[in-house]
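The basis for the numbers below is simple: all heavy atoms, side chains too, and nothing from hydrogens, waters or symmetry mates. All residue numbers refer to positions in the sequence shown, counting from 1.
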Amino acid sequence: MCIRDRFLFFSIPAGVAADSLGYRPLLLAAQLWMLAMTAVLAVIALPGWWDLRPVPLLVVLFLISIGVVVFQAAWKPFLSDLVGEDDLVAAISLNSLSNRIAQLLGPVLGGYLMGLAGIAALLITRVVSHAVMIAALLRIPKGARAAPAAQRIEIRDRITAARRAVTGSPGLYGPMIRCA
């Protein structure tokens with residue numbers, strides 16, 4: 001399953017959850033989830049038990065990627081709440097630039113660290129990075145982003161409305177067919 005498939009499959013429920021529960025709790029839950037899954041891999045790698053078969057390793061990596069999808073679904077709208085409307089374009093550009101730099105330097109630094117200190121050190125570094133992100137999210141002031149009770153809709157109704165919007169957009173048929 002390619003990364004686009006995971007985003008396609010999980011993005012609508014994650015977006016609905018972000019709108020219903022609020023962005024901050026979902027961001028924290030996604031980071032805690034990824035921390036826990038990475039910690040599982042680190043515990044396996046630490047004593048030198050790293051002789052995982054491909055299927056269990058791929059399952060844990062898939063579970064981590066679900067956390068990435070949930071985080072991204074909540075981060076994009078949360079970013080607009082963090083900055084004013086005047087600075088939104090600059091914030092989105094900076095966020096995109098930092099993502100591209102991380103996609104470039106992350107594998108290079110990760111490969112170097114793994115060659116230098118082993119897979120356990122790499123995974124422990126990732127666990128620490130999730131802990132730092134959780135601490136940063138906890139320090140961000142709480143915003144009034146939750147929908148008022150009068151505007152809350154059943155989650156099932158939201159998912160149905162999102163599915164109807166996606167299937168009613170002919171421009172999305174090609175990408176959906178390619179991902180399927």
Query raised in the report: Minimum heavy-atom separation for Leu138 to Arg24, with atom names?
Result: O-NH2, 3.1 Å
Report summary line: Residues pairing under side-chain hydrogen bond (donor to acceptor under 3.5 Å, both in side chains) where one sits in residues 87-99, two or more places apart or in two chains, turn out to be Trp75-Asn95
Query raised in the report: Mind checking whether Leu58 and Ile64 sit in one hydrophobic cluster, side chains of I, L, V, M, F, W, Y counted as touching below 4.5 Å?
Result: no
Report task. Decide if atom CE of Met133 counts as having more than 12 heavy atoms of other residues, nucleotides or ligands within a radius under 6.0 Å. Result -> yes
Query raised in the report: In terms of hydrophobic clustering (I, L, V, M, F, W, Y; side-chain heavy atoms under 4.5 Å; direct or indirect links), are Val55 and Ile66 co-clustered?
Result: yes
Query raised in the report: How far apart are the C-alpha atoms of Leu26 and Phe71, what are their side-chain angles, what is the distance that settles it, and do they pass the side chain to side chain contact (heavy atoms under 4.5 Å, CB included) test?
Result: CA-CA 7 Å; Leu26 206 60; Phe71 184 83; over 6 Å; no
Query raised in the report: Transitively linked via ILVMFWY side-chain contacts under 4.5 Å: Leu57 with Val68?
Result: yes
Query raised in the report: Are Val59 and Leu123 joined in one hydrophobic group, where the rule is that I, L, V, M, F, W and Y side chains link up if heavy atoms are under 4.5 Å apart?
Result: yes
Requested in this report: Identify the two heavy atoms, one from Ala91 and one from Val83, that lie closest to each other, and give their separation to 0.1 Å.
Outcome: CB-CG2, 3.8 Å
Query raised in the report: To the nearest 0.5 Å, how far apart are OG in Ser129 and CD1 in Ile124?
Result: 12.0 Å
Query raised in the report: For the hydrophobic clusters of this structure (ILVMFWY residues joined by side-chain heavy atoms under 4.5 Å, transitively), does one cluster hold both Leu109 and Val128?
Result: no
Report summary line: Scanning both residues in full, the closest heavy-atom pair of Leu113 with Leu122 reads CD2-CA, 3.8 Å
Show me the donor-acceptor pairs, under 3.5 Å and distance only, between side chains in residues 27-47 and residues at least two apart or in other chains.
from	atom 1	to	atom 2	distance (Å)
Gln31	OE1	His130	ND1	2.8
Trp33	NE1	Leu63	O	2.7
Thr38	OG1	Met34	O	2.8

